[in-house]
Structures are given as structure tokens and as C-alpha cells.
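To start, the structure itself, in C-alpha cells.
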Amino acid sequence: NICKQSCVMCGSKYSSTHAKINNHPGAISFLSPQELEMIYDVLPNLDFITLKGGEPFADQNNLKILKKIFEVNKNIKNISIISNGQNISKSFKEILSKFSESQIKLSCSIDGVDKLYEWQRGSQYSSTVDTINSFHKDTGLTYVIINTITAFTFPSILESFKRHLEDLKGVRYYTSNNIVWSPAWQSPSLYSQETIDEIVQPILDFQSSEIGWNRNGLESIRSYGDSSQIESFKRDLEKWNQIRKIKIEEFVPELKLIQ
């Protein structure tokens, strides 16, 4: 679970940075040499493999696995990597460049832009953009952008889509259907149904001629219709405002509608 981000919708199980923030050092985990050998044993016969985390590019064991795949199964059909795109080293770029684009299925999780991205993800938007653009330039590989839809990113989905296509090179496909239902205090269902419908309809109506955009599921978001999650929302909102040193309500004014 090695990861340098501390996304607000994540936790210690999937992020070593979260484990440090929450003072859960025992939650930080690595593959043992024995486990790595077990993985090596099955690589020659695999058609598909998925590397995720944590952050796959932050774990050097994944670099060893990719090198081993090229050594024993270079014609593997599909290597799927789910990354935050924050930091991709030269060594990872070099090994991935040895595979064809049809073999590499890279997905980058990017939510919002600028301060909103920084608040939700815990790292700088401009740095992630530079890393991903450098990756595309150096490898020629394309990728999919995955949005995680929270109460914080929900109001600006359409604006973020447009901005991402301006800022990022090599985007193959875009998906905005990873909707957060749990923890409930982060869900877009915190908004009233009227607000939800006002946000969703322009997104569904938007016609993109550049790339495919998966928006399935946005039309099914329904308001909780009560205030049962409001106290948790307010408490954790303030917690993350203090951690990030950003008052997110100043960048997402729609949050004031949640009451």
C-alpha cells in the first residue's frame, strides 16, 4: 500500500501516507521476498495482470515484476496499471516502453484541478500534469483518466473534463463513473435532488468530439433526502481543511448548499 498521496476518500489500508497521518504505522505493507517469488512463478502463463496499490509506481517491487514479465512473457496480452500519475520514474518508463500500446492499459486517477485537486488528492495538480505529459512524451503510450466523484468534485465535473483535455496530452478515454457512496459523508448524495439534477443535466447534454467520455451512473445519483450525514460531513471537512491548509469551501462554493 505504498503511496505518497493521502486522498480524502482513501485510508490507511490503501495508502502508507494515510497510515502516517492516522498514526497507523502497522498498516504499511510490502510484498515479502517469498510473495514476490510466488508472483514470478505464475508470470510465464499469464494473459492479464493488474498492478494497483497503493500507488504502483511508488513500489519498486512492481518494477521488478514488469522486468520479469518482459523476460519470461513479453507477449502478454494486457498489463493494467491503475495509478495516480503523481510520479513515474525513468526506470518505469523504460520498461513500459518495451511493450506495445495494445499491451499497456494505464489509468490515471485525477480529480478536479488546482486547489480542488490538491485538497482531494494531497499533491500538486501542476506536478501531476507535468509527470503524465512527460510519461506520454517519453513512451508514446496513451492512458485513461478516471474521476472519483465526491461531494467536492461533483459540481465541477464538466469544467474539470474540459481543463484536463487542455492540460494533459495523450488521453485516450475519460471516465466519470467512479462515484463515492462510502464514506457517506463524501458522497454527492449529500446534495438536494434539485441541486444534483442541475449539476448532472449539463454534463449528460455535453457533446465531446475529442474523446469518448463515460458518464454512466451520474443520472442515477439520488439525494439522501435527510441530514443524517451532515455532522460527519462538517467534522471531516474541517479535519481535512486543517490537514491541507486549504478551506475547500472557498473553491467549491456549492458545498454551502449541504445542510
Side-chain angles (χ1 to χ4, degrees), residues 1-7 10-20 25-110 121-146 148 168-175 178:
N1 66 347
I2 305 305
C3 183
K4 294 183 179 179
Q5 286 193 334
S6 55
C7 305
C10 194
S12 300
K13 182 178 180 180
Y14 301 105
S15 166
S16 54
T17 302
H18 258 287
K20 293 174 183 177
I28 300 175
S29 61
F30 301 85
L31 283 174
S32 69
Q34 293 78 15
E35 289 170 328
L36 201 55
E37 286 298 327
M38 290 172 65
I39 293 172
Y40 289 165
D41 288 344
V42 301
L43 291 181
N45 302 312
L46 290 185
D47 287 331
F48 307 92
I49 188 171
T50 297
L51 303 179
K52 51 183 184 178
E55 164 52 39
F57 292 127
D59 189 341
Q60 291 303 300
N61 281 326
N62 287 323
L63 181 60
K64 296 175 184 177
I65 290 170
L66 287 168
K67 288 181 176 180
K68 194 69 173 179
I69 292 172
F70 190 76
E71 177 186 332
V72 302
N73 190 2
K74 66 174 64 177
N75 294 318
I76 189 171
K77 292 180 180 178
N78 189 319
I79 300 172
S80 178
I81 303 174
I82 303 172
S83 169
N84 58 39
Q86 181 190 13
N87 189 6
I88 308 174
S89 70
K90 180 180 178 182
S91 296
F92 273 107
K93 289 190 281 189
E94 286 176 347
I95 187 61
L96 290 174
S97 295
K98 294 182 178 182
F99 296 94
S100 69
E101 182 164 358
S102 64
Q103 291 174 287
I104 302 298
K105 308 299 182 185
L106 174 63
S107 298
C108 295
S109 297
I110 306 177
R121 287 265 161 191
S123 60
Q124 287 192 339
Y125 175 74
S126 59
S127 177
T128 298
V129 167
D130 289 344
T131 294
I132 295 175
N133 284 341
S134 174
F135 172 84
H136 173 64
K137 179 181 178 182
D138 294 344
T139 66
L141 296 171
T142 59
Y143 53 92
V144 174
I145 292 180
I146 300 175
T148 301
L168 293 157
K169 310 302 179 185
V171 180
R172 182 174 69 251
Y173 191 70
Y174 198 98
T175 178
N178 184 27

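Side-chain atoms are counted along with the backbone in the values below, which use heavy atoms only and exclude waters and symmetry mates.
The two residues F99 and L66 make their nearest non-hydrogen contact at CZ-O, 4.0 Å. Nearest heavy atoms, N73 versus P44: ND2-O, 3.6 Å. Across all non-hydrogen atoms, the minimal contact from C108 to G85 is SG-CA, 4.5 Å. When all heavy atoms are compared, the tightest approach of V129 to L168 is CA-CD2, 4.0 Å. Of all non-hydrogen atoms in L106 and S83, the two that sit nearest each other are CD1-CB, 4.1 Å. Between I65 and L43, the shortest heavy-atom contact is O-CD1, 4.0 Å.
In terms of modelled atom types and a separation under 3.5 Å, the side chain of N78 and the main chain of F48 share no donor-acceptor contact. In terms of modelled atom types and a separation under 3.5 Å, the side chain of S97 and the main chain of K93 share a donor-acceptor contact. A donor-acceptor distance shorter than 3.5 angstrom exists from the side chain of Q103 to the backbone of I76, with no hydrogens or angles considered. The backbone N or O of T131 lies less than 3.5 Å from no partner atom in the side chain of Q86, so there is not a single donor-acceptor pair.
A distance of 9.0 Å separates CG in N62 from CG in L36, rounded to the nearest 0.5 Å. To the nearest 0.5 Å, the span separating OG on S89 from CD on Q60 amounts to 6.0 Å. Residue R172 holds its CZ atom at 9.0 Å from CG of L141, rounded to the nearest 0.5 Å. Taken from CG in N87 to CD1 in I132, the straight-line distance is 11.0 Å, to the nearest 0.5 Å. In this structure, the separation between CD1 on I69 and CD on E71 is 11.0 Å, given to the nearest 0.5 Å. If you take OG on S80 and CG on L51, they are separated by 8.0 Å, rounding to the nearest 0.5 Å.
Enclosure of atom CD in Q124 is not indicated, since only 12 or fewer non-hydrogen atoms of other residues, nucleotides or ligands lie within 6.0 angstrom.
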Candidate pair L63 and I95, rule side chain to side chain contact (heavy atoms under 4.5 Å, CB included), full reasoning: CA-CA 8 Å; L63 181 60; I95 187 61; 3.8 Å; yes
Test side chain to side chain contact (heavy atoms under 4.5 Å, CB included) on I81 and L96 and set out the steps. CA-CA 11 Å; I81 303 174; L96 290 174; 3.9 Å; yes
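At least one side-chain heavy atom of T175 sits less than 4.5 Å from a side-chain heavy atom of V144.
S102 and S100 share a side-chain donor-acceptor pair at under 3.5 Å. If you check the side chains of K67 and S91, you find no donor sitting under 3.5 Å from an acceptor. Side-chain atoms of N178 and T148 include a donor-acceptor pair closer than 3.5 Å.
Using cut-offs of 30° and 60° on the angle between ring planes, the pair F92 and F57 is perpendicular.
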